[in-house]
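This is a predicted model, so every value here is computed, not measured. Start at 1 and go down the list; that is how both ligands and their atoms are numbered.
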Amino acid sequence: MKKNALDMSFDELKSYLAGIGEKPFRAGQIFRALHRGLDFSEMTDIPKTLREKLDGDFYAQSVTIIKSLVSADGTEKFLFALNDGNVIEGVLMAYKYGSTLCVSTQVGCRMNCAFCASGLNGLARNLSRGEILGEVITANRYAGGDIAGNRKIINVVLMGSGEPLDNYIETVNFLKLVSCPEGINVSRRNISLSTCGIVPKMYDLANENIGVNLTVSLHSPFDDERAKIMPIAKTYSICEILDACSYYFDKTGRRYIFEYVLIKGENNTERHANELIRLLKGRPCHVNLIRLNEVKERALKGDTDKQAYKFLKLLTDGGLSATLRRKMGEDIDGACGQLRQRYIEKKAEKAYNI
Ligand code: SAH
């Protein structure tokens, strides 16, 4: 069976090539070409016999764009197909200082948060390291980017579908691959991993010394209320999450970020603001408030901009570092898992002739 070439580290590619009697310098050539997003047939500086051998053993490309939606604000959402027919999504956000790509780490998700579309059909499967990398490489090539100095994607955020720490080994190896100097080489300082708070894995990640930014989806300062919108909160308390964040900071020196989706009547009152301030004041952290992107299958509602700014002011007046994330991609099913959900629905309609 063909393997995904992007699953290989530089060293693994080197030993594969040594094993078939190729010269070591080919490894750099092929690794760079793979990270540019080239198919074997496009690697014209490689002898044809070697290209054919590689093509027999590997897929060079693991992720293809089957649909792209551009929002009025310039955000672009991709529906990616994997080689086994599964689909995932990614979002490209253009900022002044370069583009940020939001990648998925799983097909679907097991976490089933009450506001999120990714968990609607549960987890289909984990993505491999090379498939997560494939999202970055495919989007970078699509955006006209290359590797080295001509990369278009500057930042990568693991905030698409899936829980990265629920696919720990592949995620960590992806982080190593995407920041590999011989390849696409995204700076680890420009990578953010977002978790719903799987505490033991947060410690493991800190101990890897990879140095990416850690973001935690908090969404409530009260354990009982948090558990109503995030089932994982029944397993790990906020107190345990905060301890793990402190450990991460001690190990990496990197300030951590809390994401907080504003849900009408659920988590954005003065009582919530006061408790957030009590919990977080003085910590090396930032709070990123996010307006809810309403998901039609979910009952929760977003709140007004006025309420969002009021909540923000309560936090900043209370001494927290906090910002309200600007709205992006609402018109293109911008939130986690929404586009894939539409795609699955349409496929089902076709299958059942509805
Ligand atoms: N599983 C990880 C990463 C994926 S979710 C995590 O939980 O952090 C990434 C972020 O998108 C989370 O903060 C999540 O709460 C947010 N999100 C998910 N659905 C959303 C929606 N409908 N509207 C706004 N933000 C959403």
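A salt bridge links D146 with R36: the distance from a Lys NZ or Arg NE/NH1/NH2 to an Asp or Glu carboxylate oxygen falls below 4.0 Å. Between E131 and R125 there is a salt bridge, since a side-chain N of the basic residue sits under 4.0 Å from a carboxylate O of the acidic one. A salt bridge is absent between R51 and D55; no separation between the charged side-chain nitrogens and carboxylate oxygens falls under 4.0 Å.
Atom numbering of ligand 1 starts at 1 in the shown order; those under 4.0 Å from a heavy atom of V295 are 22 (N). If you number the atoms of ligand 1 from 1 as listed, the ones under 4.0 Å from a heavy atom of G160 come out as 4 (C). Which parts of ligand 1 touch E163 is read off a 4.0 Å heavy-atom cut-off, strictly below it: atoms 1 (N), 2 (C), 6 (C), 7 (O). Annotation for ligand 1: atoms under 4.0 Å from non-hydrogen atoms of C196 are 6 (C), 7 (O), 8 (O). Near G162, meaning under 4.0 Å from one of its heavy atoms, ligand 1 places the atoms 1 (N), 2 (C), 3 (C), 4 (C). If you number the atoms of ligand 1 from 1 as listed, the ones under 4.0 Å from a heavy atom of T195 come out as 6 (C), 7 (O), 8 (O).
Side-chain contact annotation: S237 with R226, donor-acceptor N/O pair under 3.5 Å absent. In summary, the side chains of T75 and D73 do present a donor paired with an acceptor at a separation below 3.5 Å, with no hydrogens or angles considered. For the residue pair T215 / E259, no side-chain donor-acceptor distance below 3.5 Å is found, with atom types taken as modelled.
Within 6.0 Å of NZ on K310 lie no more than 12 heavy atoms contributed by other residues, nucleotides or ligands. Counting non-hydrogen atoms of neighbouring residues, nucleotides and ligands closer than 6.0 angstrom, the CZ atom of R298 exceeds 12 such neighbours.
Distances shorter than 4.0 angstrom do not occur between any heavy atom of C113 and any atom of ligand 1. Look at G197 and you'll find every heavy atom at least 4.0 Å from all atoms of ligand 1. Judged by the shortest distance from any of its heavy atoms, R291 lies inside the 4.0 Å radius around the atoms of ligand 1.
For ligand 1, the polar-atom distance check against L292 finds no nitrogen or oxygen pair separated by under 3.5 Å.
Nearest residue to atom 14 (C) of ligand 1 from E259, M159, H219 is H219 (criterion: closest heavy atom). With L262, I229, N293, V261 as candidates, the residue nearest to atom 16 (C) of ligand 1 on a non-hydrogen basis is V261.
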